[in-house]
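All of these numbers come straight from a predicted model, not from anything done at the bench.
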Amino acid sequence: MKRLIKFSFILLLITTLGCTSESNNCTTPPPYFPFEFVDKDSGENLYTNGTFDAKQAVTVTDLDTDKVIQYTYMKNEDLNRLVINSIGWQSGVFNYSIAIQGKSVFELHASAERVSEKGCSFSRINSFEIKNAEFQLDKTTGIYKILINTKI
């Protein structure tokens, strides 16, 4: 029995030490795209100030297939954001329409490719464009602030 335990330990040790990791096996998820809807004049978040209700229907629709795309709604204190994280898991062109209560707020057009280099896979965003809305990118947080004129 002692021989079997010693043999098993030696076999385990040889197997463990015999494995070298010459190539790194790493995978990085694609970036996510957070959007905050703010009043064009005051800069206030339109969910926080009550202009929009979080219970209102927000839809993200693929313009090419007319399918509804999943998104995440983040509510954290005074920060209410829509997060799209489906871009870049696969290579392709992404054309989305974002609407609140059936009214289009903006369109998102992006091109991404999934890349593998030196044992690592990651997403490369080749193009990214927001259409039909004014916006500002906060470069420190990566949040796109969609500027909406509420005085119309």
Subject >> Pairing residues for S86 by the side-chain hydrogen bond (donor to acceptor under 3.5 Å, both in side chains) criterion, not counting sequence neighbours >> reply: Y96
Subject >> side-chain hydrogen bond (donor to acceptor under 3.5 Å, both in side chains) against T59, all qualifying residues, sequence neighbours excluded >> reply: none
Subject >> Under the side-chain contact (heavy atoms from CB on, under 4.5 Å) test, residues paired with S127 that sit two or more places apart >> reply: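 Here the qualifying residues are S111.
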Original post:
With Q90, which residues qualify under side-chain contact (heavy atoms from CB on, under 4.5 Å), at least two apart?
Top reply: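 Expected list: none.
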**OP:** Could you please spell out the steps behind the side chain to side chain contact (heavy atoms under 4.5 Å, CB included) verdict for E36 and I146?
**Re:** CA-CA 6 Å; E36 186 174 355; I146 305 300; over 6 Å; no
**OP:** Assess the side chains of R114 and S123: does a donor N or O sit below 3.5 Å from an acceptor N or O?
**Re:** yes
Original post:
Hey, is the main chain of L63 close enough, under 3.5 Å, to the side chain of T61 for a donor-acceptor pair?
Top reply: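 Such a contact is absent between T61 side chain and L63 backbone.
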Original post:
If you group Ile, Leu, Val, Met, Phe, Trp and Tyr by side-chain heavy-atom gaps below 4.5 Å, do I125 and I84 land in one group?
Top reply: yes
Original post:
Does L108 belong to the same Ile/Leu/Val/Met/Phe/Trp/Tyr cluster as V93, with side-chain heavy atoms less than 4.5 Å apart forming each link?
Top reply: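 No, L108 and V93 fall in different hydrophobic clusters.
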Original post:
How far apart are the C-alpha atoms of D41 and K151, what are their side-chain angles, what is the distance that settles it, and do they pass the side chain to side chain contact (heavy atoms under 4.5 Å, CB included) test?
Top reply: CA-CA 9 Å; D41 297 322; K151 295 185 172 137; 3.2 Å; yes
Find the distance between [atom1] ([X]) and [atom2] ([Y]) and round it off to the nearest 0.5 Å.
X: N80; Y: K75; atom1: CG; atom2: NZ; value: 6.0 Å
X: E107; Y: E129; atom1: CD; atom2: CD; value: 9.5 Å
X: D62; Y: K67; atom1: CG; atom2: NZ; value: 8.5 Å
X: L46; Y: F37; atom1: CG; atom2: CZ; value: 9.0 Å
X: L82; Y: Y71; atom1: CG; atom2: OH; value: 6.5 Å

**OP:** Could you identify which residues cluster with M74, counting Ile, Leu, Val, Met, Phe, Trp and Tyr as linked when any side-chain heavy atoms lie under 4.5 Å apart, either directly or through a chain of such contacts?
**Re:**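 Its cluster partners, ordered by chain and number, are Y32, V83.
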Subject >> Co-members of the apolar cluster containing L147 [side chain, <4.5 Å] >> reply: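 Members alongside L147: V38.
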Could you tell me which residues satisfy salt bridge (Lys or Arg N to Asp or Glu O under 4.0 Å) with [X], sequence neighbours excluded, listed by chain and number?
X: D39; value: none
X: R124; value: E113, E117
X: K40; value: E134

Original post:
Got a sec, which pairs hit ring-ring contact (aromatic ring centres under 6.0 Å, His included) with one end in residues 122-141, sequence neighbours left out?
Top reply: F33-F128, F128-Y144
**OP:** Write out all pairs satisfying salt bridge (Lys or Arg N to Asp or Glu O under 4.0 Å) with one or both partners inside residues 83-92, taking only residues at least two apart or from two chains.
**Re:** none
Original post:
Looking only at heavy atoms, which two atoms of P30 and I87 are closest? And how far apart?
Top reply: CB-O, 3.3 Å
Contacts table for residues 97-106: side-chain donor-acceptor under 3.5 angstrom, sequence neighbours left out:
unit_1, atom_1, unit_2, atom_2, d
Q101, OE1, Q56, NE2, 3.1

